[in-house]
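Worksheet: the structure to be examined is printed underneath.
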Amino acid sequence: MTAFERRLKDRRDELSWLYMELYDHRPSLEALLQAVETLAAQRPDALRRLDQRREKDPDWFRAGKMLGVTMYTDLFAGSLRGVEERLPYLKEQGITYLHLMPLLKMPHPDNDGGYAVEDFGQVDPSLGDNADLRRLADAMRRRGMSLCLDFVINHTADTHEWALRAKAGEAEYINRYICFDNPDIPREMEKTIPDVFPQTAPGSFLYVPEMNKYVCSSFHPYQWDLNYRNPVVFHEMVCAMLRLANLGVEVLRIDAVPYLWKERGTTCRNLPQVHTVMRMIRLITECVCPGVILKGEVVMAPKELSPYFGTEEKPECHLLYNASTMATQWSALASGDVRQLKRQLDDLHSLPPHCAFVNYLRCHDDIGWGLNEAYGRTIGQDPVAHKRYLYEFFEGSFPGSFARGERYNYDPATEDARTCGTTASLCGIEKGACEGDEAQVSMGIQRDLLMHAAMMSMKGFPMLSSGDEIGQLNGYGYREDPVLRHDARNLHRTPFSWENAERRGTPGTIQQRIWDGLRQLETIRAQDPCFAPEASVTTWDTHNPHVLSLIRRAGEETLICLFNFSGAPQHVTLDAMEGICTDLITGEETFCSARDLCPYQYALCRRRPETK
């Protein structure tokens with residue numbers, strides 16, 4: 001019995017039941033199983049050995065040494081070969097997980113940052129080829145790094161072969177998309193479907209004259225949503241995923257998961273069939289490539305996140321993005337009030353233990369201000385006014401703001417908007433540098449490190465945005481580019497500055513101060529037992545709305561993590577936390593029960609064993 005047959009034996013009944021529930025066609029199921037068995041047989045020996053190791057250590061991605069970074073291949077190093085040449089830099093940084101933004105064949109110039117895919121089986125020629133991708137993955141694995149790639153599961157580019165054949169009138173390919181003969185149903189559905197980009201791409205359907213049909217297009221007009229009611233779509237996309245895994249991809253970031261299934265009269269988000277699809281994908285990957293994990297892009301409220309993990313007995317995604325905490329963390333920095341952030345973390349900590357998150361401050365996208373409005377009202381926040389304050393604060397237009405960013409996708413009807421900018425610019429380093437004010441720069445660096453320290457101390461593992469480790473600032477050149485200027489997210493999608501990276505070893509530079517501060521935090525995470533996979537994480541009352549406290553425990557070990565989100569000195573009191581502790585950041589010994597913190601100071605304090 002092969003490894004695939006052994007794994008399938010334990011999963012076949014459930015997979016068959018789910019497939020028949022959704023598609024009710026057994027010959028199609030048998031054809032799918034035959035196709036994935038063939039892909040399992042094609043899996044390279046090195047990856048089979050990886051599968052065997054990870055079957056014995058399924059929590060490998062929860063280890064404290066995990067440190068991720070996300071980047072665009074071309075902006076970082078020009079090509080996949082360029083990234084391979086720069087792996088020593090990432091190794092020096094301590095990276096164990098590299099997320100390369102979409103790099104499969106795409107149309108140019110309109111490709112939504114690579115999320116309009118023209119061919120799911122080929123690397124875009126501008127970045128290299130499949131051999132380059134395989135070689136990079138192998139080189140990373142030798143260095144203890146895992147490669148993560150996006151898999152755009154919801155849609156294709158309108159220049160994909162399927163779309164071109166649909167435009168040519170081939171019924172088989174028309175049926176691979178969500179199409180209607182007249183506008184009646186699309187207009188009805190648009191009444192209940194929220195716009196993803198209300199300013200730049202309103203609506204969810206477009207008329208395609210070549211087909212004389214209305215096609216679902218949730219994101220941009222050149223991205224057509226796939227029809228998962230058609231089993232052929234499911235088969236083709238699953239097999240494309242597995243082919244990437246066989247090239248050496250160890251983490252598949254499943255894009256726009258909540259959108260996969262469409263129903264009239266609903267928001268077309270989070271429908272039950274989405275979970276059927278994701279559970280089947282999990283079962284299939286466990287059979288073919290158990291060394292691979294699934295990371296879901298689910299930008300939803302905490303109460304809507306848990307279903308995407310499935311249950312401990314029947315899991316779906318291994319990891320989800322912690323997008324909501326990213327927003328509440330920036331809200332805490334702007335307001336100096338951590339109560340929303342603490343409540344957000346309490347909600348996440350209440351989820352079952354198999355739920356695991358990727359924590360981050362910035363990514364390729366904007367910051368959407370999806371806060372807990374009901375809770376905000378209980379602490380005196382008006383939701384609309386607070387959102388307006390946040391995007392005005394971080395674009396630098398609010399009086400007294402230290403931030404420099406830009407507003408994105410403003411909706412005048414709701415007064416909602418999102419925020420763009422790099423971590424360093426949003427934290428005040430850009431403003432201080434432009435004004436030649438070293439005190440402002442120093443305070444900006446302190447804010448930057450505070451934000452990273454809090455993110456790194458949360459449950460889950462941290463992912464940096466490439467350039468944040470050297471304090472990369474906003475890039476305004478996109479405004480002069482006719483292709484890029486309509487998308488403010490290009491403010492923080494800028495070429496990596498290798499000139500600035502060289503300054504990371506020069507004492508006193510912005511780059512050195514941030515690099516060394518982050519390396520200190522990363523070393524603590526990698527070595528301290530309180531960051532082990534089995535460690536518990538809870539918030540703790542500080543009796544101070546400006547200071548967040550996280551308590552990490554592993555066995556008899558306790559780590560007290562404190563974060564002052566205020567620009568003023570603060571005093572904290574921790575009830576029932578007696579004894580003496582050592583601050584791993586400063587080396588200072590303090591009482592566990594009370595502490596004074598400087599503006600934007602963070603402290604990671606190891607409690608003495610004899611005082612527990």
Side-chain angles (χ1 to χ4, degrees), residues 18-25 28 112 115-117 120 150-158 160 162-163 165-167 170-198 200-208 211-238 240-241 254-282 294 296-301 304-305 307-308 310 316-317:
L18 291 170
Y19 189 95
M20 293 301 290
E21 179 186 48
L22 200 62
Y23 297 123
D24 194 23
H25 195 257
S28 293
D112 189 28
Y115 286 98
V117 180
F120 289 93
D150 289 84
F151 191 80
V152 184
I153 196 171
N154 178 71
H155 48 262
T156 75
D158 66 353
H160 189 283
W162 297 355
R165 296 182 75 168
K167 289 178 186 178
E170 295 187 47
E172 176 187 345
Y173 293 92
I174 291 173
N175 195 38
R176 295 189 185 190
Y177 297 98
I178 301 169
C179 303
F180 297 95
D181 293 331
N182 62 63
D184 296 342
I185 294 176
R187 299 300 170 256
E188 179 185 344
M189 292 179 69
E190 286 184 331
K191 293 176 183 178
T192 58
I193 301 176
D195 286 346
V196 177
F197 300 119
T200 56
S204 298
F205 288 86
L206 74 153
Y207 177 66
V208 180
M211 299 159 58
N212 192 29
K213 290 186 184 297
Y214 293 81
V215 179
C216 186
S217 178
S218 295
F219 290 83
H220 292 95
Y222 50 82
Q223 293 163 302
W224 291 8
D225 288 31
L226 289 165
N227 175 21
Y228 277 89
R229 296 174 186 275
N230 183 347
V232 173
V233 169
F234 179 75
H235 293 200
E236 294 283 352
M237 298 302 278
V238 166
M241 237 183 277
I254 313 299
D255 182 62
V257 178
Y259 298 80
L260 290 183
W261 199 269
K262 311 297 193 295
E263 289 278 359
R264 293 170 63 180
T266 75
T267 62
C268 296
R269 311 281 196 275
N270 308 310
L271 297 180
Q273 294 87 345
V274 171
H275 298 288
T276 302
V277 170
M278 288 308 302
R279 177 60 183 155
M280 288 196 294
I281 291 173
R282 176 69 178 259
L294 307 175
E297 190 218 10
V298 183
V299 184
M300 299 288 167
E304 296 172 323
L305 294 179
Y308 288 92
E316 296 176 24
C317 295

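Heavy-atom basis, side chains included; hydrogens, waters and symmetry copies ignored.
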Original post:
Should Ile281 and Met237 be marked as a side-chain contact (heavy atoms from CB on, under 4.5 Å) after you check the CA-CA gap, both sets of side-chain angles, and the distance that decides it?
Top reply: CA-CA 10 Å; Ile281 291 173; Met237 298 302 278; over 6 Å; no

**OP:** May I have the step-by-step check of side-chain hydrogen bond (donor to acceptor under 3.5 Å, both in side chains) for Tyr214 and Asp181, ending in yes or no?
**Re:** CA-CA 6 Å; Tyr214 293 81; Asp181 293 331; over 6 Å; no

**OP:** Find the distance between CE (Met280) and OH (Tyr23) and round it off to the nearest 0.5 Å.
**Re:** 5.0 Å

**OP:** Heavy atoms only: give me the nearest Val208-Trp224 pair and the separation to one decimal.
**Re:** CG2-CZ2, 3.6 Å

Original post:
Can you find a heavy atom in the side chain of Asn154 that is under 4.5 Å from one in the side chain of Asp255?
Top reply: no

Original post:
Which residues pass the side-chain contact (heavy atoms from CB on, under 4.5 Å) test with Glu190, sequence neighbours left out?
Top reply: Arg187, Ser204, Phe205

Subject >> Nearest atoms (heavy-atom pairs only) where Ala201 meets Pro221 >> reply: CB-CD, 4.5 Å

Subject >> Test log, rule side-chain contact (heavy atoms from CB on, under 4.5 Å), inputs Asn270 and Tyr308 >> reply: CA-CA 9 Å; Asn270 308 310; Tyr308 288 92; 2.5 Å; yes

Original post:
With a 4.5 Å heavy-atom cut-off, do Met189 and Cys216 have their side chains touching?
Top reply: no

**OP:** Could you list the residues that satisfy side chain to side chain donor-acceptor pair (under 3.5 Å) with Glu236, not counting sequence neighbours?
**Re:** none

Subject >> 4.5 Å side-chain heavy-atom contact, Thr156 and Phe120 >> reply: yes

Subject >> Pro258 versus Val298, closest heavy-atom pair with distance >> reply: CG-CG1, 3.8 Å

Subject >> Partners meeting side chain to side chain donor-acceptor pair (under 3.5 Å) with Ser28 (sequence neighbours left out) >> reply: His25

Original post:
Given side chains that start at C-beta, do those of Ile254 and Met241 come closer than 4.5 Å, heavy atoms only?
Top reply: yes

**OP:** Compare every heavy atom of Val215 with every heavy atom of Cys179, then report the nearest pair and how far apart it is.
**Re:** SG-CG2, 4.0 Å

Original post:
Side chains of Leu22 and Phe234: does their closest heavy-atom pair fall under 4.5 Å?
Top reply: no

Subject >> Rounded distance (nearest 0.5 Å) linking atom CG of Asn212 with atom CG of Asn182 >> reply: 10.0 Å

Original post:
Would a distance-only check, ignoring hydrogens and angles, find a side-chain to backbone donor-acceptor pair under 3.5 Å from Arg269 to Pro194?
Top reply: yes

**OP:** For Asp24, check side chain to side chain donor-acceptor pair (under 3.5 Å) against everything at least two apart and list the hits.
**Re:** none

**OP:** Under the ring pair (Phe, Tyr, Trp, His ring centres under 6.0 Å) rule, what do His155 and Tyr222 come out as? Steps first, then yes or no, please.
**Re:** CA-CA 10 Å; His155 48 262; Tyr222 50 82; 9.3 Å; no

Original post:
What's the spacing between Asn227 CG and Tyr173 OH if we round to 0.5 Å?
Top reply: 14.5 Å

Original post:
Stepwise, does the ring pair (Phe, Tyr, Trp, His ring centres under 6.0 Å) test hold for Tyr115 with His220?
Top reply: CA-CA 10 Å; Tyr115 286 98; His220 292 95; over 10 Å; no

**OP:** Rounded to the nearest 0.5 Å, what's the gap from CG on Leu18 to CZ on Arg279? Could you check?
**Re:** 7.5 Å

**OP:** State the NZ-CD distance between Lys262 and Gln273, to the nearest 0.5 angstrom.
**Re:** 11.5 Å

Subject >> Pairing residues for Tyr228 by the side chain to side chain donor-acceptor pair (under 3.5 Å) criterion, not counting sequence neighbours >> reply: none

**OP:** Search all heavy atoms of Leu271 against all heavy atoms of Cys268 and return the closest pair with its distance.
**Re:** CD1-CA, 4.2 Å

**OP:** Return the minimal non-hydrogen interatomic distance between Leu206 and Ser217, and the atom names on each side.
**Re:** CD2-CB, 3.2 Å

**OP:** Take the angle between the ring planes of Trp162 and Tyr177 and call it parallel below 30°, perpendicular above 60°, tilted in between.
**Re:** perpendicular

Original post:
Heavy atoms, side chains only, cut-off 4.5 Å: are Gln223 and Val117 in contact?
Top reply: no

Original post:
Any side-chain heavy atom of Pro231 sitting closer than 4.5 Å to one from Tyr19?
Top reply: yes

Subject >> Under the side-chain contact (heavy atoms from CB on, under 4.5 Å) test, residues paired with Thr192 that sit two or more places apart >> reply: none

Original post:
Looking at CD1 of Ile178 and CG of Asn230, how far apart are the two atoms once the value is rounded to the nearest 0.5 Å?
Top reply: 11.0 Å

